[in-house]
Amino acid sequence: MTKAFLSGNDAFAEGVRLARPQVISIYPITPQTTVVERISEMVEDSSLKSELIHVESEHSALSCAIGASAMGARTFTATSSQGLLYMAECLHYASGGRFPIVMMNANRSTALPWNIYGDQRDSLSQLDCGWIQVYVEDAQESLDMALQSYHIAENPLVSTPVMVNLDGFVLTHTYETVEIPSQTDADRFLPPFQTENKMSLDNPKNLAFSVGPDNNMEFKYLQHKAILGSKRIIEETDAKFAEIFGRSYGGLTQGYRLDDADYILITLGSITGLCREVVDELRERGEKVGLLKLRFLRPFPSDDLVAALGSAKAVGVLEKDISFGYEGTVYTNVNSVIAKNGLRLETYNFIAGLGGRDISRENITAIFRHLQTGGQHVNFIGLGMTIDD
Amino acid sequence: MTKAFLSGNDAFAEGVRLARPQVISIYPITPQTTVVERISEMVEDSSLKSELIHVESEHSALSCAIGASAMGARTFTATSSQGLLYMAECLHYASGGRFPIVMMNANRSTALPWNIYGDQRDSLSQLDCGWIQVYVEDAQESLDMALQSYHIAENPLVSTPVMVNLDGFVLTHTYETVEIPSQTDADRFLPPFQTENKMSLDNPKNLAFSVGPDNNMEFKYLQHKAILGSKRIIEETDAKFAEIFGRSYGGLTQGYRLDDADYILITLGSITGLCREVVDELRERGEKVGLLKLRFLRPFPSDDLVAALGSAKAVGVLEKDISFGYEGTVYTNVNSVIAKNGLRLETYNFIAGLGGRDISRENITAIFRHLQTGGQHVNFIGLGMTIDD
Amino acid sequence: MIEIRWHGRGGQGAFTAAKILGAASLIDNKFSLAFPSFGPERRGAPIQAFNKIDTQAIINRSEIKACDYLIFLDDSLFSFDYLNDLKDDGIALINTATPEKFRDFSQIQTIDANLIALNIIKKPLSNTAMLGALASISDDVSLSSLQQASNQYLSATHAAKNQLILQESYDHFKEVY
Amino acid sequence: MIEIRWHGRGGQGAFTAAKILGAASLIDNKFSLAFPSFGPERRGAPIQAFNKIDTQAIINRSEIKACDYLIFLDDSLFSFDYLNDLKDDGIALINTATPEKFRDFSQIQTIDANLIALNIIKKPLSNTAMLGALASISDDVSLSSLQQASNQYLSATHAAKNQLILQESYDHFKEVY
Amino acid sequence: MSKPYLRHYQKPQKLSDYPLGTASEAGYLVTKNCGWRNERPIIVTSECINCLQCYLYCPDGVIFKTADGLDIDYDFCKGCGICEKVCPKQAIKMEVETND
Amino acid sequence: MSKPYLRHYQKPQKLSDYPLGTASEAGYLVTKNCGWRNERPIIVTSECINCLQCYLYCPDGVIFKTADGLDIDYDFCKGCGICEKVCPKQAIKMEVETND
Amino acid sequence: MTNKITAKTITDSEFFYGHKACAGCGGSLAVRIALKVLGERAISVLPAGCMSAVGFNYPHLCFSNNSIISTFAGTASMLTGVEAGARAVGIKNFKAVGLAGDGGTADIGIQALSGAIDRNDDILYICYDNEAYMNTGIQKSGLTPFGAKTTTTPSGENIHGNLRPKKNLFEIVAAHNISYAATASIGNLPDFINKIEKASKIKGTTYIHVVAPCPIGWGIPVNETIEIARKMIDCGLWYLAEYENGQFTLNKNPRDFSSIKDYLLSQGRFKHLDDADIEILAVQRDAKWAAIQKNWNTTKEEL
Amino acid sequence: MTNKITAKTITDSEFFYGHKACAGCGGSLAVRIALKVLGERAISVLPAGCMSAVGFNYPHLCFSNNSIISTFAGTASMLTGVEAGARAVGIKNFKAVGLAGDGGTADIGIQALSGAIDRNDDILYICYDNEAYMNTGIQKSGLTPFGAKTTTTPSGENIHGNLRPKKNLFEIVAAHNISYAATASIGNLPDFINKIEKASKIKGTTYIHVVAPCPIGWGIPVNETIEIARKMIDCGLWYLAEYENGQFTLNKNPRDFSSIKDYLLSQGRFKHLDDADIEILAVQRDAKWAAIQKNWNTTKEEL
Ligand SMILES: Cc1ncc(C[n+]2csc(CCOP(=O)(O)OP(=O)(O)O)c2C)c(N)n1
Ligand SMILES: Cc1ncc(C[n+]2csc(CCOP(=O)(O)OP(=O)(O)O)c2C)c(N)n1
Ligand code: SF4
Ligand code: SF4
Ligand code: SF4
Ligand code: SF4
């Protein structure tokens, strides 16, 4: 174990190095690029022994990874925003084919208008594509989840690709102190990739076939079941990780000062830190507030939500996303848990940080106020003007 | 007005012809293909005067339509499934640029496994892309919505692309009787396309620009506001349509025997007809059941839902979709309305028809039973086996 | 509601027949659906097509299970198992040159549609003849509507000859009965 | 928490300086963040970089508004309006060959970093010198940590000379005061 | 010689009967193609010079070498007639298929 | 002669100040580029033969023709020094920029 | 040249069998023969298209070698991954081969193909060219020839089918300075077989463009697939050639062309062509051959 | 040839102005000059890349003609739509022009470009080639030359930068039998200007590939952009040529090459090359020129 001052992308690259992927396909896009640059350097200097492939687009990046995974190789690729959308077809392909690829996504706004800054509309707009989706908070969690993701994805009961999301710039390009595990520990944690879902000369297979109405729905159900089942694997993985590395993230969600909390803010990704600070501040003033960080959005942590929100008065969902013509997608997902479980609490949505708009301490404090006093369900935070003119 | 025996695709092509799009980009994919074939014939025989462009992929199909729309031309394209995913980047591009393109999507399952049959995972997986989404029930509604969609999309307050979804095969390839309006009436209904959102030699513009954190969120809010605002335009359009053609669809949703209904099934698309028959059957037996067809998923018809569900005991959402690791996306959306409005009723999700699995009368009847007796929230209908083994 | 299933090989025009039948129902002021089955098999492989016909609008698009009519454009496609798919009073209509094989089955009607077609258009294209036969043995569609409808789906050059085929196959049963 | 904003032109190494400073904090057993600003402007355009330094983990990633230090790698980037962005006891540290212009402002400290760099590496690369200067006027970072940290970010050939620059700029203020 | 061959197939009865992902045994046939055929190729052995043109050009690969010449796998022959066309000796005759 | 020019820009105050879609007036400049410059090109008129090489090769197009020769739009010159390099007569000198 | 694979020596094994292609399908013959040459260590990647549609219907799986369907755009990029993955897991002596239609190659697939050639990945890409998108029901592709009627280039009073000439994919691929490229036709299997054999031995990207008529799309009887492929070569609308070491070589140099009109009018897709249309095609053919004669080498040996 | 546009006669108007490109950016010069030749009736489409990134930052909009950013893969397809749309709404005498980087053209954009050429859409496509993905910070593209160090082809003890030769996009485009294609360089603007002028008069797809050095990516002082572009031609690693009517023509036939080593080692991206690496490049150059001398025509007139 060593400590280093790294950006979120650098840290993720270190995690990838430790996971020893055998085939890596790369295509640049801001703010993902520095990850693939670091990896290129690692391959040049032989600290990572891997087939590095300079592909011609993101569709090719993922298609190439699928091909390699179909041979039983451990694979990695990374993208962001336009790139994630450009490979949308392959997202469904990889998950439906149950290829346990790990991909980093640098969360970035999607055009139009063009914008390179961090919001989460890219990955959230592809929430239904059958991938496990993780959102990480800082550089350390980035590195750790690079490793954990392979452990989850490649579990034969899961066998599903994992997308690890890092907030663009505020996480990908921010440098901070990170512990880098040793290769020995990493190898103890992550066994080599083994699967039945591959070609082999001894046992030839036909892959990626068609399935008509007769059997198709069963394949889709199995896919659904595997992701639901991954909840357990995610927890086991985190426990094993804690055992070896002494760090733990608590599974699908991570609560903060939830005991007896009346007003709970739900967050994802790198904004969580600031929200924790505000929670502390308000708690000091005697306000019963708490926070629930969603680490995984698929599988969706329904049980955790019920447990966390059961006795709250109001819950807010803070997200860098809007599903135009409705509300934020995370909010929609959270509300569904509430409706199904007949929970009686008010829910509010706070759309913030679109196109990289800064989210300030004052914004978060105001959000907690809104939870306490009530008001509109869906709120755009930090608009420079009133919404009606 | 003439009557003809047409498939859903044929009918849609007739609607397109009547709307006089100026530029049409085409790329084949089952089960969309016959629409673009019909249109090719219309262009050949001059019944439709339009630039017909044989593009090299779906990304190009929509990119081309965006380019033409940016010149102020009325445009059309059509796709399905893999094609819709392959153009995902352009979906966001078109909506963010506020280009009022109309696109038909033949709902089809997405690979893997490959499957050409109708389910709705393709369009529902792209629900957040900023397009208005319509789901139609039969060939007549297909034709009519081809026309109505331009009227909605091009309204300057909306200026947003519209995706019209037809269930693959059961609607696209099923022939039935359709009334074809006269061109004169169609022209009375749909004025030529006018917009400020275009290039012009007299008033040169720079389009599709970048917007940084300073202003980006305002653009996104405006986009959201326009789609919310389209609710009114959708209703006005339907009213005007009724006036000219004598047919009306009732706006965002269409209810059936909702008065005093305790158990309501929510549907979209072509399965609605069969569900209506079952409602009639159960009503005859004195059961208080009703049906709500969602015609539009974006903008999401929150108000209609509140009005329709307010006094029900249970509601079911029937959809040909699953968001792996959670539940059906339409269900999630519906539940959010219930949570926000504190409605007290049980909700159930019925995932059916994946990969073209037939949905039978018996299935629908069983679904109403489930609503009445209660049970699991999320149910896969028509699996050939038990889910636990 | 009348439910019909057509059996043919790709290229034999089973679905065209179903569409003509549907269009004819429109002329008869009835409602109908016509839809194909789709599978990975290509030209030459056995395929099916379907009709639903009713006096009121048909809004149920689910699969047809029990049929009023099963129509085989080619007797090689027939197997006796299929009779299970008929409703109680349903009829299987088979194009065959060897009617004797089916004589013992009350639910089966036969016609040598190839022969009729060969005589008129020099090709063993049985689909139109089977429509004529259907009009003849059932009250659910009229010959005149079929004649009118088929003009929409067939090129002008073929239309006239098809009228003849329709008529002749129609008469075939009228003679038989 | 100490908050710092760096002003430079693309290529002047403002962000490298921020990273070295961050890495030095780690050596000092402190916590820090270093992050760049991003804009469409390219090489040559004015840019900013940021540091947050604290004795406990920094989990707030929002923008820096009021600064403890504003560091200008080039006096042409400075304008007096920027003094408004300083905290009450904040300091603006400016690389300039004309210190007299800033003499009247108690919140401003100056150093001719170009000169120091020119003497040692024959290039007017001011970023390392500004780090030395910062170490000198503030208690928030130590010279030795900066020296250690800068080795990680600079090629071996440059490292030695940079140690010199750091030392000389550090001494500059020690002499002044 | 190896080739995909016909298996006795039973539809999966439980979910665990399905393969992981979309990967299943290569060359696994469950239905014949003989139902496609209107005409059946017959090799007239006496005329055949064993030039193997038919073997080579059959799109379905159903003509196979035997100890004494060639034979046809009628389970998978679609009756396209290409073999008849490419035979330089007219040693293949297409006979109308009957369903007996 | 026309070119994009500097406007007095006020950030939108209300939503309706924003354009529809992403379409706005072409050639609308709101910030100068002079802050990029370390060195400033000076045309020494006496040496200049008006060959227009500098005009042609300037990536920013800031050298423009005047009644009596050439001038430079210092609002947008970035000081890259290409004009100095391409001038066959060394008629352009780069002078260090000061911030006065 | 002594060990040429022939009908006698080619393996008896079949690798593409029991498939649901139309009777008389040229594409299926191309795939069958390619795999017979490459053998059981071939790993095939087929994009969406007729051959994957007819060969991979779970549980009916028609390839006995390792095979996978790619996305429509992703034949070459998946091949790249398969090749790298196979090496990474230690597999030796295999050949990654793409088997893609003309639409999947020349239109949507060209980005990935171009990228793979650019990297010189060790793969063999075979495009079976049936001159239209057949799987979706005969739509115009970039390789549909001038004049052909397809469902998206209908012929009528106003327009006589497709207005654009056939994209010259062989030369586009060659312009990438590829290790080896060749044209072929299922009308001449010995030539095709030898080119596959040759390509399979080359390390680096190789490409074979094989014309494989589709009786349905071309409007011919199902037993005339081979004949029409031969006519196409005989009338000069196709040629057998290779590109290697920066040089083009014509493998078969016909002395006279057979009738182009005869070739065209024997197909349903060209039935509507008038003499002026046919003349356009003849002129294009003659210009092409003039350029070939001028710039290309010619193999001595007649195939 | 009498009415050639020159520095004297070219319009005084500027169409790309006030942009945020790096000082000394070659790409911005290429775009500026192209638009000056095409004038105010040009409708430009720029994909994601440096030129759109520096030119379209609302509210700071640097094009005075109608201009739009396309998706990265969509330059040509959007051009197709723009051209068709403009005609459809009745606009006359305009020119739809694409202005795209090498990555956006040769890699992700080649599908759409190939399609547009295949349709022969009436558009002009200009690729400004700075030999890497610059906007994202200097990553290898298909047009990055052998040996160049980029952030994804770092040079170190094991690998000396990029291992693959530069894709020959000019000839790939030509192999499409395009109406007109040319190479150019910002080192020779009169030649570039005339080629734009010529292309703009041709109906159908035309393509110009203009080398536009990027001082940042190439590792040269910002005032040496023009010089390095000239050196590249002088040492024979670039050539000025045209393709028309199926013929290649070399516009400038240098008698001797200047030192290739000199060209390479004056750039940061090639600093690490050893003599063996340089020899590889020299051999490739010589082979290329041998082929050119053999197969191409040569313009009489020296430019
Ligand atoms: C992205 C995408 N677009 C469209 C399709 C639909 N599609 C599947 S196969 C096919 C045609 C294939 O044509 P070609 O490549 O020429 O092969 P062929 O069918 O002729 O064998 C099309 C358009 C698809 N699967 N994916
Ligand atoms: C689909 C997609 N992938 C990646 C990107 C990120 N991207 C934007 S510009 C660019 C590089 C452009 O390189 P090039 O085309 O060579 O132009 P240059 O920047 O050199 O001018 C990249 C990779 C994107 N915008 N869209
Ligand atoms: S008829 Fe066709 S499928 Fe049968 S053996 Fe002959 S060539 Fe093969
Ligand atoms: S082609 Fe004819 S002669 Fe040759 S082997 Fe076949 S049957 Fe015999
Ligand atoms: S290049 Fe020099 S001589 Fe020529 S016009 Fe410019 S300043 Fe004058
Ligand atoms: S990075 Fe290079 S191409 Fe991009 S603006 Fe700067 S100089 Fe121009």
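These numbers come from a predicted model, not from an experiment. All chains are named by letter (A, B, ...) in the order of the sequence lines, taking the proteins before the strands, and each is independently numbered beginning at 1.
By the side chain to side chain contact (heavy atoms under 4.5 Å, CB included) test, A:Ala352 is found to be paired with A:Leu318, A:Ile359, A:Ile381, residues two or more places apart in sequence or in another chain being considered. Contacts of A:Trp114 classified as ring pair (Phe, Tyr, Trp, His ring centres under 6.0 Å), with partners at least two apart in sequence or in another chain: B:Tyr93. In terms of the salt bridge (charged side-chain N to carboxylate O under 4.0 Å, His left out) criterion, residue partners of A:Arg295 (sequence neighbours excluded) are, by chain and number, A:Glu141.
There is no contact between A:Ile132 and chain B, counting heavy-atom distances below 4.5 Å. Contact of A:Thr160 with chain B is not made at all, since no heavy-atom distance falls under 4.5 Å. For A:Leu84, no part lies near chain B; criterion is any non-hydrogen pair under 4.5 Å. For A:Asn215, the part lying under 4.5 angstrom from a heavy atom of chain B is the backbone only. In this structure, the portion of A:Phe99 lying under 4.5 Å from any heavy atom of chain B is its side chain and not its backbone. Contacts between A:His377 and chain B at a heavy-atom distance below 4.5 Å involve the side chain alone, from C-beta outward. Using a 4.5 Å cut-off between heavy atoms, A:Asp214 contacts chain B through its backbone alone, with no side-chain atom that close. In this structure, the portions of A:Tyr326 lying under 4.5 Å from any heavy atom of chain B include both its backbone and its side chain.
Chain B forms more heavy-atom pairs under 4.5 Å with one residue of A:Lys231, A:Gln82, A:Gln223 than with any other, namely A:Gln223. For the options A:Pro213, A:Ala339, A:Ser302, A:Gly355, heavy-atom pairs under 4.5 Å to chain B are most numerous at A:Pro213. Put simply, of A:Met87, A:His59, A:Glu218, the one with the most heavy-atom pairs under 4.5 Å next to chain B is A:Glu218. For the set A:Leu343, A:Val211, A:Asp358, the count of heavy-atom pairs under 4.5 angstrom toward chain B peaks at A:Val211.
Closest approach of A:Asn333 and B:Thr332 over heavy atoms only: CA-CG2, 3.7 Å. For the residue pair A:Ser336 and B:Glu327, the shortest heavy atom distance occurs at OG-OE2, 2.5 Å. The minimum heavy-atom distance between B:Met217 and A:Leu383, with the atom names listed, is CG-CD2, 3.6 Å. For A:Thr110 against B:His92, the heavy-atom pair with the smallest separation is OG1-ND1, 3.1 Å. Residues B:Ser210 and A:Pro113 approach most closely at C-CB, 4.4 Å, considering heavy atoms.
One finds the CG atom of B:Asn341 at 9.5 Å from the CG atom of A:Asn335 (value rounded to the nearest 0.5 Å). In this structure, B:Arg121 CZ and A:Cys129 SG are separated by 10.5 Å, a value rounded to the nearest 0.5 Å. Between the NZ atom of A:Lys220 and the CG atom of B:Leu112 there is a distance of 7.5 Å, given to the nearest 0.5 Å.
Looking at B:Ser125 and A:Asp128, their side chains never bring a donor and an acceptor atom within 3.5 Å of each other.
No donor-acceptor pair under 3.5 Å is formed between the side chain of B:His224 and the backbone N or O of A:Phe324.
Interface residues of residues 344-351 of chain B toward chain A, defined by a heavy-atom distance below 4.5 Å and sorted by number: B:Arg344, B:Thr347, B:Ile351.
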